[in-house]
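Okay, so here's the structure we're looking at.
What you see is a predicted model; the values in this text were computed from it and never measured. Just so it is clear: chains get the letters A, B, ... in the order the sequence lines come, proteins before strands, and each one is counted from 1. The figures that follow rest on heavy atoms only: side chains count, while hydrogens, waters and symmetry mates do not.
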Protein chains: 2
Amino acid sequence: MTSRRPQSKPVPTLEDVAERARVSTATVSRCLNAPQRVSAVTRARVMAAVQELGYAPNFGAQALAARRTNTFGAIIPTMENAIFARGLQAFQEVLTDEGVTLLVASSGYRPAAEEEQIRSLIARGADALLLIGHDRTAESYAMLERRQIPHVVTWAFDPDAPRSSIGFDNRAAMATLTAEVLDRGHRRIAFISAMTNGNDRARLRVEGARSALAARGLDPAAMPLEETEYSFHHGAAAFDRLMRQTPRPTAVLCGNDVLAAGALRQAREMGLDVPGEVSITGFDDIELCEIVTPALTTVHVPHREMGRRAARLLLDMRGGDSAGERVRLEAPIKWRDTLGPAPA
Amino acid sequence: MTSRRPQSKPVPTLEDVAERARVSTATVSRCLNAPQRVSAVTRARVMAAVQELGYAPNFGAQALAARRTNTFGAIIPTMENAIFARGLQAFQEVLTDEGVTLLVASSGYRPAAEEEQIRSLIARGADALLLIGHDRTAESYAMLERRQIPHVVTWAFDPDAPRSSIGFDNRAAMATLTAEVLDRGHRRIAFISAMTNGNDRARLRVEGARSALAARGLDPAAMPLEETEYSFHHGAAAFDRLMRQTPRPTAVLCGNDVLAAGALRQAREMGLDVPGEVSITGFDDIELCEIVTPALTTVHVPHREMGRRAARLLLDMRGGDSAGERVRLEAPIKWRDTLGPAPA
DNA sequence: TTGTAAGCGTTATCAA
DNA sequence: TTGATAACGCTTACAA
């Protein structure tokens, strides 16, 4: 019979600690999870053994036995552009305070990929999930239902959706901004949108602009629309296409700040004064807005508050202290320097 | 005795699948992990059961039994500014192709937090780890050693460090850039650095500039240095402080592009022409460089290649096909528009 | 306060 | 090709 305990034991287990501290594994477990239920002297002995051995619990075993991982998951569309970074940061801060670990995955804006990520996070035992927007496969929601995983949608507010959400009204926010643009005399208004497929935020922002147009008796269908990928360069290219039209738009609404930054750059490239000859607006209010020149007028998104509240809600839901809720946050216009009156 | 199988069973297990397919759990497991070892007809029956039940393996149990998680971890200093996004993306692409999942954690540039993240990722059974830079606590390295977790350091190259790394020479790259600045006649050169504590990349970049100065017989200690936090606004503030000196610097080297973007903004704020009155350079070559005006001259970092190669190396190390290696990649100057001759 | 021992859901080793 | 069954490392009644 070969020794079950070779000389160098690379990974100490609970049993090793127990042996060294001359107690049972149950006591060691208690020391770690409910220290007050163990006498001070025993505890000291156990903790010393833990130290000496460099013991760390095996996560898989722990999850298996306790049926709880103390892990939340978040699936965001992208890690680039720092769009979701600030909100996620706030989300994580709250979780860390409560001793839960955050696992982050990104889907690249692909619903199929997101479904896979959800599956993976569930399999890993995520206790709860943070999601962005409502658009996803039916199977994604089915899994969450089946496993009864608390989840909350952020970055969107839809009172009719049958799930918790903490977000803002993308449509209304863009409608408000569009109304302001109209108030400044603009009539030839164009729109650069992110791909709307599988992205309700993008879709609703376009709809918001159209509804504002319609509210003033203008034809929403007449608004030139460029739908393009999420990048600075795509924004620039889309702006270029838009400005080749005759007559030229006097205002270009962008579905997000990154596209707007691209548009702004292209305007300079074309020698167009912003906002003198053309106005440009963004959406999201990320740091980039203050970096570009002129600074970008945009819609402010309450990144940190969304993140914090989502964390609290998920924590409550997991603990059974909440059955979920729908929260509508404000997303006001952030005035900077790229929106001006329509040129004469 | 209460029923062990209540009516609605939210989470199907291997056993449920086995029961439904009328085979043993061993056969189901084989179907999932080594399909060719199961007869076609049995397999069909099992897969059908899997489908019908919506079965997904329990990750914890799987990890426990198989002693392998097929999960790699990456710990980056920050998710903001998209600094590490591109490299991480490339890293993940390779892993995904090989069927391994990536877990990402961020440390906020705090070594203690990073140690905690390493501990957590190890406990979760990460098969291998991607790290940024060499600076971390001794305990961090001790854990990796003890558990024999393959790991690779990126974003830095240190031939003397006793571990694998795939990076570039931060010091040499900044020295080269500084030499170019000197060649253009600049003598009053200042430096804006990220916090160097626990950040070898930042420290080496400063050292690189100093060594270039020394190589020309200039006094490195005379170079004004502002060490500040990693943000656009801190960069602007640091630049402001620097430009209040008399005589004013004619060139400001920045430890990274974000700080440089802030400096650029502040220069405009102060009505200073770049590069006419003052030159500004960055480091990292992130997308931001092309967004700012004028476009930023910087040091190009091979983000994607670093990520890809790190993934390959870690995969090989896990498979026992490599004992690790040290790779030095090039980090050439990326010429754009913010470095000009020293003003007369 | 502490120990015993029965799981938790897989994988993997043997036999059949 | 398939099935029993012993791990895997931990938590948690229940007993002492």
Original post:
Where along residues 117-129 of chain A does a heavy atom fall under 4.0 Å from DNA chain D?
Top reply: none
**OP:** Measure from the side chain of A/A65, starting at C-beta and using heavy atoms only, and say which of C/dA12, C/dG3, D/dG9 lies closest.
**Re:** D/dG9
**OP:** Of all the heavy-atom pairs spanning B/G167 and B/F157, show the shortest one and how long it is.
**Re:** C-CB, 4.0 Å
**OP:** Would you please name every residue forming a side-chain hydrogen bond (donor to acceptor under 3.5 Å, both in side chains) with A/E114, sequence neighbours left out?
**Re:** A/R136
Subject >> For atom CZ of A/F59 and atom P of C/dC8, their distance in whole Å >> reply: 19 Å
**OP:** Scan for ring-ring contact (aromatic ring centres under 6.0 Å, His included) pairs involving residues 77-109 of chain B, sequence neighbours excluded, and state none if there are none.
**Re:** B/F84-B/W155, B/Y109-B/Y230
Original post:
For the pair made of CG in A/N58 and P in D/dA7, what is the distance, rounded to whole Å?
Top reply: 18 Å
Original post:
If you look only at pairs with a residue in residues 313-327 of chain B, which of them pass as a side chain to side chain donor-acceptor pair (under 3.5 Å), with sequence neighbours excluded?
Top reply: B/N70-B/R318, B/D127-B/R318
Original post:
So with a 6.0 Å cut-off around CD of B/Q36, is the heavy-atom count from everything else above 12?
Top reply: yes
Original post:
How close or far is atom P of D/dA7 from atom CG of B/L14, stated in whole angstroms?
Top reply: 19 Å
Original post:
Looking at residues at least two apart in the chain, or sitting in another chain, which of them share a salt bridge (Lys or Arg N to Asp or Glu O under 4.0 Å) with A/E116?
Top reply: A/R119
**OP:** With sequence neighbours excluded, give me every ring-ring contact (aromatic ring centres under 6.0 Å, His included) pair touching residues 11-44 of chain B.
**Re:** none
Subject >> Distance test, side-chain N/O of A/Q62 to OP1/OP2 of D/dG9, below 4.0 Å >> reply: no
Subject >> Spacing of B/D16 atom CG relative to C/dG9 atom P, expressed in whole Å >> reply: 9 Å
**OP:** Not counting sequence neighbours, list each pair that qualifies as a side chain to side chain donor-acceptor pair (under 3.5 Å) and has a residue in residues 37-46 of chain B.
**Re:** B/S39-B/T42
Subject >> Distance, rounded to the nearest Å, where A/R67 contributes CZ and D/dT11 contributes P >> reply: 13 Å
Subject >> Rounded (10°) bend between the five-pair end axes of the helix from C/dT1-D/dA16 to C/dA16-D/dT1 >> reply: 30°
Original post:
Taking only residues at least two apart or on different chains, which pairs with a member in residues 304-314 of chain A satisfy side chain to side chain donor-acceptor pair (under 3.5 Å)?
Top reply: A/E93-A/R304, A/E305-A/R309
**OP:** Calculate the interatomic distance between B/R37 atom CZ and C/dT11 atom C1'; express it in whole Å.
**Re:** 12 Å
**OP:** Please state how far atom CG in A/L64 lies from atom P in D/dT12, giving the value in whole angstrom units.
**Re:** 12 Å
Original post:
Which residues pass the side-chain hydrogen bond (donor to acceptor under 3.5 Å, both in side chains) test with B/N197, sequence neighbours left out?
Top reply: none
Subject >> Contacting residues from residues 24-33 of chain A, given that a heavy atom lies under 4.0 angstrom of DNA chain C >> reply: A/S24, A/A26, A/T27, A/R30
Original post:
side-chain hydrogen bond (donor to acceptor under 3.5 Å, both in side chains) with B/E145: which residues, sequence neighbours excluded?
Top reply: none
